[in-house]
Amino acid sequence: MTQTSQLTLTARNNHITVENQSGQYFQLAGELVRGGFIADPASVKNWNKSGATQPIRQPEKDEIMTQIMKQTINSPFKILFQEPEI
């Protein structure tokens, strides 16, 4: 994934489907809140496509989370990631 690639975000009750330009997708789990969605970063695990999975490594995971937040920063519906519990 490159920083210029656009992700397609489709919201459902308790998850958001994230799809890249290659048609790969994953489900982002979290909680719907007023004005947005608080996502669980642990749900960013694998890209899926046609029954095949490809692991998402940490550098790409960080890039994906940053891209999602950038895409929604000026939207009335924001997607943020919860902080890890200590």
Side-chain angles (χ1 to χ4, degrees):
M1 192 175 111
T2 64
Q3 290 182 346
T4 59
S5 63
Q6 189 77 0
L7 298 171
T8 302
L9 309 171
T10 307
R12 297 284 186 251
N13 293 335
N14 62 348
H15 71 271
I16 293 176
T17 301
V18 178
E19 185 174 345
N20 66 17
Q21 293 176 330
S22 299
Q24 296 173 306
Y25 66 92
F26 66 88
Q27 302 228 328
L28 188 57
E31 182 179 354
L32 188 61
V33 296
R34 182 179 213 149
F37 189 80
I38 306 298
D40 179 2
S43 65
V44 182
K45 295 180 182 178
N46 298 303
W47 287 113
N48 299 289
K49 184 175 183 180
S50 303
T53 61
Q54 177 183 348
I56 300 173
R57 305 217 187 285
Q58 191 62 47
E60 184 180 14
K61 180 178 177 175
D62 294 340
E63 185 179 332
I64 290 167
M65 292 188 301
T66 299
Q67 181 67 26
I68 290 170
M69 289 188 295
K70 282 182 179 179
Q71 278 185 223
T72 63
I73 195 71
N74 294 319
S75 168
F77 184 86
K78 294 178 179 28
I79 300 174
L80 303 173
F81 288 85
Q82 67 188 26
E83 292 291 324
E85 294 182 18
I86 297 176

If hydrophobic clusters are built from ILVMFWY residues whose side chains come within less than 4.5 Å, do M65 and I73 share one?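 Hydrophobic grouping puts M65 apart from I73.
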
Under 4.5 Å between side-chain heavy atoms, hopping through other hydrophobics if needed: is there a path connecting Y25 to I79?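 No, Y25 and I79 fall in different hydrophobic clusters.
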
Look at the side chain of K49 and the backbone N and O of Q54, then say whether any donor-acceptor pair between them is shorter than 3.5 Å.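 Flag not set: sc K49 to bb Q54 has no pair under 3.5 Å.
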
Could you tell me whether the side chain of N20 and the main chain of G23 form a donor-acceptor pair under 3.5 Å?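 Flag set: sc N20 to bb G23 pair under 3.5 Å.
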
Would you tell me whether Q67 and Q71 have side-chain atoms, one donor and one acceptor, within less than 3.5 Å of each other?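 Their side chains do contain a donor-acceptor pair, which is all the 3.5 Å distance test asks for.
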
Is there a side-chain contact between [X] and [Y] (heavy atoms, below 4.5 Å)?
{"X": "F26", "Y": "I64", "result": "yes"}
{"X": "I16", "Y": "I68", "result": "no"}
{"X": "T17", "Y": "Q27", "result": "yes"}
{"X": "L32", "Y": "F77", "result": "yes"}

So how far is it from [X] [atom1] to [Y] [atom2], rounded to the nearest 0.5 Å?
{"X": "K70", "Y": "E63", "atom1": "NZ", "atom2": "CD", "value": "9.0 Å"}
{"X": "L28", "Y": "T10", "atom1": "CG", "atom2": "OG1", "value": "11.5 Å"}
{"X": "W47", "Y": "T53", "atom1": "CH2", "atom2": "OG1", "value": "13.0 Å"}

Could you check L9 against T72 for side chain to side chain contact (heavy atoms under 4.5 Å, CB included), going step by step and ending with a plain yes or no? CA-CA 10 Å; L9 309 171; T72 63; 4.0 Å; yes

Considering all heavy atoms, the nearest V44-F81 contact: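 V44 and F81 have their closest heavy atoms at CG2-CE2, 4.4 Å.
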
Taking all heavy atoms of D40 and all of S43, pick out the closest pair and write down the distance. O-OG, 2.7 Å

